[in-house]
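Below is one structure; the comments refer to it alone.
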Amino acid sequence: MSLDHKWQKYWEETRLFNAEDVSAAKKYYVLMMFPYPSGSKLHMGHCKNYVIGDVIARYKKMQGFNVMHPMGWDAFGLPAENAAIKFNVHPSDWTKNNIQVMTQQLKNIGICYDWSREVTTCEPDYYRWTQWLFLKFLEKGLAYKKKKEANWCPKCMTVTANEEVIDGACWRCKTPVTKKELDQWFFKITDYADRLLEDLKGLTGWPEKVKIMQENWIGKSFGVEIKFMVKETGDELPVYTTRIDTIFGVTYLVIAPEHPLVKKLVKGTEYEAKVNAFSEKLKMTPEMERTSDASKKEGFFIGRHAVNPVNGEAVPIFVANYVLLEYGTGAVMAVPAHDQRDFLFAKEYGLPVRVVISPEGKKLDPVSMTEAFVDAGVQVNSAQFDGLPSAKGIVSIADWIAQNGFGTKTVKFKLRDWLISRQRYWGAPIPVIYCDKCGIVPVPENELPVKLPHTVNFKPTGAASPLAAIKEFVETTCPKCGGPARRETDTMNTFICSSWYFLRYADAKNDKEAFSKAKANYWLPVDQYVGGVEHAILHLLYARFFTKVLFDLGYIGFSEPFTNLFTQGMVLKDGAVMSKSKGNVVLADPLIEKYGADTVRGLILFAAPPEKELEWSDQGIEGIHRFLGRVQRFIDPRMELLKNAAWKIEGGKLEKEARDLYTALNKTVKKVRDDIENSFHFNTAIAALMEFVNHLYTLKEPAVGKAKQDFDAVLGLAMKDILLCLAPFMPHNAEEYWEKAGGKGSIFLQKFPAHDPAFITDDSAVIVLQVNGKVKSKITIQAGMADAEVRELALKDSKIIEALAGKAPKNVIVVKNKLVNIVAAS
RNA sequence: GCGGAAGUGGCGGAGCUGGCAGACGCGCUAGAUUCAGGUUCUAGUUCCUUCACGGGAGUGGGGGUUCAAAUCCCCCCUUCCGCACCA
């Protein structure tokens with residue numbers, strides 16, 4: 001049996017890394033974003049993620065924490081279904097098979113999971129609780145059904161959430177999305193917009209980048225909703241603006257072509273057909289195209305006018321492609337002089353430009369302007385507000401409008417409600433029933449789970465989920481009145497499954513509830529979450545939302561799920577992210593086979609700091625391999641010293657050689673600890689260990705007496721500490737030496753070394769001597785020598801005297817234990 | 001366009017609150033061990049110049065602050081990432 005397997009088996013059999021629900025030790029919950037069981041063999045990209053988490057888990061265990069490091073599978077979702085269709089197998093079989101393969105692979109690189117807490121989101125004992133959570137949301141009015149135009153991916157044949165549309169395309173398959181009107185289930189994430197934004201401030205353990213991305217996505221803005229009125233019909237037409245200071249510059253209004261009021265306004269007029277054709281066209285245009293060229297503004301007059309409440313002026317109403325139905329009120333007041341989009345549109349269609357904000361000390365000419373003036377300035381042409389700085393104008397005009405009932409001050413968010421229904425098979429069925437008499441009826445909790453039928457006809461049809469074709473599934477009775485009823489046939493977005501899995505790990509086997517409150521409150525929030533930055537918005541926003549809802553419902557006592565977040569850099573190959581579809585994967589197995597798991601782990605960790613992207617290269621693997629060899633060749637002949645090594649040494653009583661070694665050891669241990677704890681910079685931690693091992697090879701052991709005794713004692717400790725420091729990174733070898741050295745039990749039950757703070761500085765210091773900032777000489781002094789004394793020595797140094805060439809020093813700067821810079825006339 | 005991160009040898013990367021630029025590793029060169037290859041060990045390896053001692057330049061580019069700048073300030077260039085008609 002190989003060394004790798006020997007220890008992997010040992011860890012598994014001794015359940016060494018299983019977390020305790022009750023423990024005197026402090027808990028530490030380290031979690032990797034769980035993977036999608038895609039069936040691709042483990043490649044270096046995967047390896048990097050899991051090895052990072054593994055190092056943290058093992059390190060924390062050696063610090064005496066009760067560590068929970070679980071693993072599970074985000075197992076529902078389109079790729080399984082698509083692959084199943086392609087290979088003509090059932091998604092369930094495909095998924096199960098993949099899980100098996102991936103589990104083995106994770107074990108092969110020696111990741112220490114608590115497998116007893118494994119969760120698989122496509123299993124009924126998991127999605128039962130996903131469905132239960134849906135019912136809770138429904139109960140609280142946080143889930144609702146609405147007919148709405150939604151993003152539709154023509155390839156995946158389902159609707160998607162806004163968060164899943166990247167650059168106007170489906171985030172999974174990159175197909176440009178179109179719009180489709182369907183009856184859809186939504187989660188009211190907008191109710192939580194403010195808290196999701198506010199609580200970001202408290203997430204001090206999150207990367208700034210991720211917080212900024214969430215902030216932008218939530219997109220809070222302060223403005224005024226102002227009521228225009230359609231002159232011809234008397235309809236109210238509210239618009240939203242953040243630039244109320246420009247209200248007197250409105251020269252026309254623009255409505256989104258899909259706006260319901262538009263239909264009414266043009267009904268029976270010559271514009272009706274034109275508007276319909278226009279909005280149809282926009283609907284079919286992929287969003288990417290519609291928004292790709294910011295300058296291509298298209299639209300036309302619809303024969304109606306709107307009255308500006310502040311001055312009674314009637315301005316023409318247009319429809320145009322650049323106004324979005326979903327944001328604000330779906331209509332905007334156009335101020336071409338001060339908004340670039342309006343400006344371009346006005347120039348295109350010959351609409352008037354009216355300046356109402358003037359730049360300080362300048363005059364704008366509407367005719368000769370080449371772009372909108374969007375900065376702050378002074379109010380002009382703005383009735384009683386003339387002369388006011390526009391920054392004050394925003395406030396005063398808003399107040400005045402509110403007082404006169406022209407409109408109200410409003411806060412808007414870019415964030416929209418989360419569309420959660422999917423017209424696909426491989427997901428958790430939405431647990432509701434439609435009854436002609438009773439309407440929408442939730443499935444009673446004791447009837448959960450609503451099991452996903454094991455059909456073979458799971459190909460998407462386009463209009464409805466494949467479940468709709470399964471009579472036995474659809475036809476049911478109403479839980480309320482007992483009459484005939486139909487089941488909902490859409491399934492849930494898989495991001496729901498992953499929005500609470502971190503809670504399930506705390507109590508994975510519970511068949512009475514999703515998780516016990518006590519266990520959840522013990523284990524969570526997650527102390528260290530690790531994952532890819534690609535989920536900065538999607539998963540991380542949804543998980544925060546779920547946590548807040550569950551907190552409000554009283555199921556948990558915390559409202560943020562992840563205290564610390566670490567986003568690791570991806571592994572690239574030939575400049576692209578490693579992925580099966582790109583055909584640029586470097587598999588882990590062959591390398592593990594050849595060099596052993598520890599060498600592969602070491603290389604990944606040593607090549608770059610973990611947050612950085614890593615362009616894969618095998619170069620360097622020899623270096624790690626050699627290092628392990630050097631450790632072995634050093635320890636083997638000195639095994640007796642290691643076996644007899646003490647746990648603590650009195651530094652003060654050591655002879656010089658031993659004391660120097662002891663100091664070097666302490667510095668190394670401190671560096672390793674600091675690098676792990678402060679920044680997860682495992683690359684420099686490993687480098688420090690290499691440096692120390694190199695140093696050991698250069699040492700000459702004193703021949704006899706106390707000097708030799710002391711030295712040997714420190715050397716024994718040094719070897720022991722090296723093993724302990726190495727253990728989180730290269731666990732198999734560490735265990736092996738630990739055993740050879742007669743260590744009792746696993747090395748992971750030992751304490752990680754701590755440095756002796758009294759011995760981290762050398763007795764002597766090398767001082768750099770500079771003349772005018774250039775190094776001219778070096779001297780060795782007693783560490784901590786007084787500045788005046790060092791200065792004296794520096795000025796007496798022969799090379800310095802030579803460099804000065806008789807010139808008198810103008811100034812001498814002494815930096816303690818570091819350098820002396822002598823400033824002389826040049 | 002807006003926001004964020006980054007730019008250091010042939011390569012991956014180190015450089016803490018300003019204080020010897022290039023730790024550690026790869027690669028390369030020379031030597032030792034070896035029948036040979038591999039392994040291992042020793043020495044060297046930023047660039048220019050010099051037989052050498054030495055000297056000069058150097059952290060994307062240009063300015064500045066300072067005794068001293070990869071590090072702080074200003075301007076510019078490049079790359080990557082995110083957002084992008086959000087009114």
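Keep in mind that the numbers below use all heavy atoms, side chains included, and drop hydrogens, waters and symmetry copies.
- Side-chain proximity of A:I166 to the nucleotides B:A68, B:C24, B:C83 is greatest for B:C83.
- When the side-chain nitrogen and oxygen atoms of A:K776 are compared with OP1 and OP2 of B:G55, one or more of them lie within a distance under 4.0 Å.
- In this structure, of B:A87, B:G19, B:G4, it is B:G19 that holds the atom nearest to the side chain of A:V815.
- Each of B:G13, B:C83, B:G19 was ranked by its minimum atom distance to the side chain of A:K818; first place goes to B:G19.
- Shown here is A:E792, whose CD atom has no more than 12 heavy atoms of other residues, nucleotides or ligands within 6.0 Å.
- Of the listed nucleotides (B:G4, B:G27, B:G12), B:G27 has the atom at the smallest distance from the side chain of A:R626.
- For B:C67, the base has no donor-acceptor partner in the side chain of A:K810 [N/O atoms by modelled type, under 3.5 angstrom].
- OP1 and OP2 of B:G82 both lie 4.0 Å or more from every side-chain N or O belonging to A:K209.
- Note on ring orientation: taking the six-membered ring where Trp is involved, the planes of A:Y697 and A:F634 are perpendicular (angle over 60°, cut-offs 30° and 60°).
- Here A:Y327 reaches the OP1 or OP2 of B:A87: one of its side-chain N or O atoms lies under 4.0 Å away.
- Annotation: B:C47 and B:U42 have their P atoms spaced 23 Å apart (nearest Å).
- The listed nucleotides are B:C83, B:A87, B:C20; the one nearest the side chain of A:S221 is B:A87.
- Of the candidates B:C67, B:A84, B:G4, B:C67 carries the atom nearest the A:V823 side chain, counting heavy atoms from C-beta on.
- Backbone-only contact: A:I212 has heavy atoms under 4.0 Å from sugar-phosphate atoms and none from a base.
- Using cut-offs of 30° and 60° for the angle between ring planes, the A:H539 and A:H535 rings count as perpendicular.
- Nearest nucleotide to the side chain of A:Q619, out of B:C20, B:A87, B:C26: B:C26.
- Annotation: B:U17 and B:G12 have their C1' atoms spaced 28 Å apart (nearest Å).
- When both distances must be under 3.5 Å, the Watson-Crick or G-U wobble mate of B:A5 is B:U79.
- In this structure, B:U29 forms a base pair with B:A43, meeting either the Watson-Crick or the G-U wobble geometry with both donor-acceptor distances under 3.5 Å.
- OP1 or OP2 of B:C41 sits under 4.0 Å from a side-chain N or O of A:R630.
- Across B:G4, B:C20, B:A14, the shortest atom-to-atom separation from the side chain of A:V768 is found for B:C20.
- For the OP1/OP2 pair of B:A14 and a distance below 4.0 Å, the side-chain nitrogens and oxygens of A:N683 include at least one atom meeting the criterion.
- A distance of about 33 Å separates the C1' atoms of B:G10 and B:G82, rounded to the whole Å.
- Minimum atom distance to the side chain of A:M213 is reached by B:G82, of the listed B:G15, B:G82, B:G25.
- Proximity note for A:L819 (side chain, C-beta onward) versus B:C24, B:G19, B:A84: the nearest is B:G19.
- Taking the six-membered ring where the residue is Trp, A:F301 and A:F318 present tilted rings, their angle falling between 30° and 60°.
- When the side-chain nitrogen and oxygen atoms of A:N216 are compared with OP1 and OP2 of B:G4, none of them lie within a distance under 4.0 Å.
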